[in-house]
Amino acid sequence: MTVALAAAALAARTASSFQIAAGRRGAAAVLSSSSASRAARLSSVSRVVPRMSAAAAETDADAEASPALVHGRVSRGALASPDARTVTDNLPLILSHLRSRRASDETVSAAERIASLNDDRVSLIQARDRALGVRKEQSAAVGKLMRDGGEEKHGEALAEAKRLSGEAADEAASVEEKLAEIEETVGGLLASIPNLLDDRVPDGNDDGENEEVDRWGDPSDLPRELGWPDDFEAKWHDDVASGLDGWKAENAVAMSGARFVALSGPAAKLERALSSYMLDQHSNVNGYTEASVPYVVGRTALEGTSQLPKFEDDLFRIAKESHTCNGEDAFLIPTAEVPLTNLHAGQILEESDLPLSYVALTPCFRAEAGSYGRDTRGLIRTHQFHKVELVKISSADASDDEHELLTGHAEGILKDLKLPYRKVRLCSGDIGFSARHCYDLEVYLPSTGEYREISSCSNTGDFQARRMALRYRPAEKAEEAGDKAEAPKGKGGKKKKKAKKPKPQLCHTINGSGLAVGRTLLAVLENYQMPDGSVVVPEVLRPYLGGLEVLKKA
């Protein structure tokens, strides 16, 4: 027995020493161990045409060797939103979507770094598992030696087994630290990677290349209905509001600074009527649940909807001395999308309860850090504005249909107000960070003869849900439910184990303005103004103004 145990300890010692050394080499030389897989990926990346138009990509001589291209990028196919595994396994596709979005070199490098670090992670996991295997093996050897006389009979062998077990434990702990560092780095890098694009999103540099999908109303219809003279030149909305003695912009700037506006009298009442009408229409007719939500949220909530970390400069942060949200930095909401979507963060919903549809009227606060000098006049771009926000949480299968439905609800408000608008599909260079497919609704403004954005309706797929751990459990199929109900018996008359419930899946989230109240107000002021300075009240708003048909200066 003694000879056998000593021989076993010696064999284990030799093998363990070799394994620990191999583990150390693996942890120290991760970059070289994963270079082959990186080289293979980079080779495939080089076949993806960077920053190329769809027409040029389709005529490329190497098209046969390249993946299938849609609008000059690799088709998203059935891929979900990017996580570390998706980026690593589909790097050519990820890079083609980043280039289609006209992403910065820094963002492209972040994706490449994620793939590189994931290779390192795999190698480190293997090194950790080897070390844990050695520790287990040597711990077992220590137990056997202790039971067979302990130190008195196997002093040297026992000491060596304990040493190897301790070294293996230290090695595993060291590798775990490296893995934790990698996980933290990858998490930070992933936060800078935007959503993958739907195959319907056209390629383009900016809003000038968005695709018009539909147009409703003729800009000449309302002037004809209102009896505008042929030589009448429509005024800007701020001039119209001033004519009603309702424009107090200078007063607002004096107390709050640039890009703040105050309204009074008929203009303020019209704004309130618009808000009430929109809320009633969406909650009473379109089936949304009205919600009242906080205007202050923490960092985690904004990370969940992806405003952070990328767009922190556009947010209003509250001083820590004034308030924190559960110990986190606190911010004023840029849109009700943030608190509405986060109502279910971290939850597992039942598919039978989906879709969830919410509507809320809130003020929105935006620093507009990148808009210096743009739209400085009027209500187009302000630091504070009211918006009626629509949010849907749906299953993956219903996602596209719910997006179309939500967009249609926003369009319905414009139709009820008889405001001419056009619907455009945002191109790859203009679409938002979290959106995979987005429609903008642009209302006609007679003062400039232009269409300006009044609503943006985005389908983010599972992009936001992944960040906030928002999932749903798919409904069981009828046949599966039937099988469970029967619960057939196995051998010996015992019931078989019940089938497991379907695995939870990430929800899809959809959001859109239904509508931005300030921009709707300016559209009504401009489209319904009269030569005498009065403003005709749209029919659907008259019940909210006590039956008033025309707004005039008091």
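Residue numbers start at 1 and run along the sequence shown.
At distances below 3.5 Å, not a single donor-acceptor pair connects side-chain atoms of Arg73 with backbone N or O atoms of Arg99. Remark: the backbone N or O of Ser434 is paired with a side-chain donor or acceptor of Asn195 at under 3.5 angstrom. Formation of a donor-acceptor pair under 3.5 Å by the Glu328 side chain with backbone atoms of Arg299 is found in this model. With Arg366 contributing its side chain and Pro334 its backbone, the two residues share a donor-acceptor pair below 3.5 Å. Between the side chain of Asp430 and the backbone N or O of Leu426 there is no donor-acceptor pair closer than 3.5 Å. In this structure a side-chain-to-backbone donor-acceptor pair under 3.5 Å is missing from Arg471 to Ala469. Although no hydrogens or angles enter the test, the distance criterion places a donor-acceptor pair under 3.5 Å between the side chain of Ser96 and the main chain of Val74. Here the side chain of Gln464 pairs a donor or acceptor atom with the backbone of Thr305 at under 3.5 angstrom. Distance alone, capped at 3.5 Å, places no donor-acceptor pair between the Ser458 side chain and the Cys438 backbone. With Glu209 contributing its side chain and Asn205 its backbone, the two residues share a donor-acceptor pair below 3.5 Å.
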Distance-only donor-acceptor hits, side chain of residues 77-87, under 3.5 Å, sequence neighbours excluded:
unit_1: Ser81; atom_1: OG; unit_2: Asp462; atom_2: OD1; d: 2.7
unit_1: Ser81; atom_1: OG; unit_2: Arg466; atom_2: NE; d: 2.9
unit_1: Asp83; atom_1: OD1; unit_2: Arg85; atom_2: N; d: 3.4
unit_1: Asp83; atom_1: OD1; unit_2: Thr86; atom_2: N; d: 2.8
unit_1: Asp83; atom_1: OD1; unit_2: Thr86; atom_2: OG1; d: 2.7
unit_1: Asp83; atom_1: OD2; unit_2: Arg466; atom_2: NH1; d: 3.4
unit_1: Arg85; atom_1: NE; unit_2: Asp89; atom_2: OD2; d: 2.6

Derivation and outcome, side chain to side chain contact (heavy atoms under 4.5 Å, CB included), residues Arg259 and Arg381:
CA-CA 7 Å; Arg259 293 192 186 275; Arg381 198 178 299 274; 3.6 Å; yes
Evaluate the side chain to side chain donor-acceptor pair (under 3.5 Å) criterion for residues Ser306 and Lys310: first the C-alpha distance (whole Å), next the side-chain angles of each, then the deciding distance (0.1 Å), finally the verdict.
CA-CA 8 Å; Ser306 71; Lys310 190 173 178 64; over 6 Å; no
Would Glu211 and Arg425 count as a salt bridge (Lys or Arg N to Asp or Glu O under 4.0 Å) here? Give the steps.
CA-CA 5 Å; Glu211 173 186 80; Arg425 179 179 286 117; 2.4 Å; yes
Worked check of side chain to side chain contact (heavy atoms under 4.5 Å, CB included) between Thr341 and Asn511:
CA-CA 9 Å; Thr341 312; Asn511 63 78; 5.6 Å; no
Using the rule given for side chain to side chain contact (heavy atoms under 4.5 Å, CB included), can you reason through Phe331 versus Leu308, listing the C-alpha separation, both sets of side-chain angles and the distance that settles it, and then say yes or no?
CA-CA 11 Å; Phe331 299 83; Leu308 287 179; 3.9 Å; yes
Candidate pair His97 and Arg76, rule side chain to side chain contact (heavy atoms under 4.5 Å, CB included), full reasoning
CA-CA 9 Å; His97 280 242; Arg76 181 179 67 86; 4.0 Å; yes
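Summarising the geometry of Ser399 relative to Ile510, their closest heavy-atom pair is O-CD1, 3.8 Å, with the distance given to 0.1 Å. Of all the heavy atoms in Leu91 and Ala111, the pair that sits closest is CD1-O, 3.8 Å. Heavy-atom minimum distance, Val293 versus Thr362: CG2-CG2, 3.8 Å. In this structure, Thr107 and Pro194 approach most closely via the heavy-atom pair CG2-CD, 4.1 Å. Nearest heavy atoms, Leu197 versus Ser428: CD1-CB, 3.7 Å. When all heavy atoms of Leu349 and Leu356 are compared, the closest pair comes out as CD1-CD1, 3.8 Å.
Using a 4.0 Å cut-off between a side-chain N of Lys or Arg and a carboxylate O of Asp or Glu, Glu167 and Lys162 do not qualify as a salt bridge. A salt bridge links Asp329 with Arg317; the closest basic N to acidic carboxylate O contact falls under 4.0 Å. Taking a cutoff of 4.0 Å between a charged side-chain nitrogen and a carboxylate oxygen, Asp400 and Arg436 qualify as a salt bridge. The residues Glu303 and Arg467 are annotated as not salt-bridged, no charged nitrogen and carboxylate oxygen being separated by less than 4.0 angstrom.
Arg121 pairs with exactly one of Glu184, Glu183, Glu181 by the salt bridge (Lys or Arg N to Asp or Glu O under 4.0 Å) rule, that one being Glu183.
The 12-atom threshold is not exceeded at CZ of Arg135, counting heavy atoms of other residues, nucleotides or ligands nearer than 6.0 Å.
The side-chain heavy atoms of Cys325 and Val296, taken from C-beta on, include a pair separated by under 4.5 Å. Looking at heavy atoms from C-beta onward, Leu405 lies in side-chain contact with Lys392 at the 4.5 angstrom threshold. In this structure, Pro339 and Ile333 have side chains that are in contact, with non-hydrogen atoms separated by less than 4.5 Å. Residues Ser395 and Tyr472 are in side-chain contact: their nearest non-hydrogen atoms beyond the backbone lie under 4.5 Å apart. Two residues are said to be in side-chain contact when any heavy atoms from C-beta on lie closer than 4.5 Å; Glu160 and Glu156 fail this criterion. Side-chain contact between Phe385 and Pro363 is absent, with no heavy atoms from C-beta onward closer than 4.5 Å. Counting heavy atoms from C-beta on, the side chains of Gln505 and Pro474 come closer than 4.5 Å. At least one side-chain heavy atom of Gln307 sits under 4.5 Å from a side-chain heavy atom of Thr335.
With values rounded to the nearest 0.5 angstrom, Ile393 atom CD1 is found 6.5 Å from Cys507 atom SG. In this structure, CG on Leu95 lies 5.5 Å from CD on Glu112, to the nearest 0.5 angstrom. Between the CD atom of Glu176 and the CG atom of Leu124 there is a distance of 9.5 Å, given to the nearest 0.5 Å. Atoms CG and CG, on Asn459 and Asp198 in that order, are 8.0 Å from each other to the nearest 0.5 Å. For the atom pair CZ of Phe463 and NE2 of His508, the computed distance is 12.5 Å after rounding to the nearest 0.5 Å. A distance of 4.0 Å separates CG of Asp440 from OG of Ser456, quoted to the nearest 0.5 Å.
In this structure, the ring of Tyr439 has its center less than 6.0 angstrom from the ring center of His403. Tyr358 and His344 have their aromatic ring centers within a separation under 6.0 angstrom. Under the 6.0 Å cut-off for aromatic ring centres, Phe311 and Phe433 qualify, their centroids lying closer than that.
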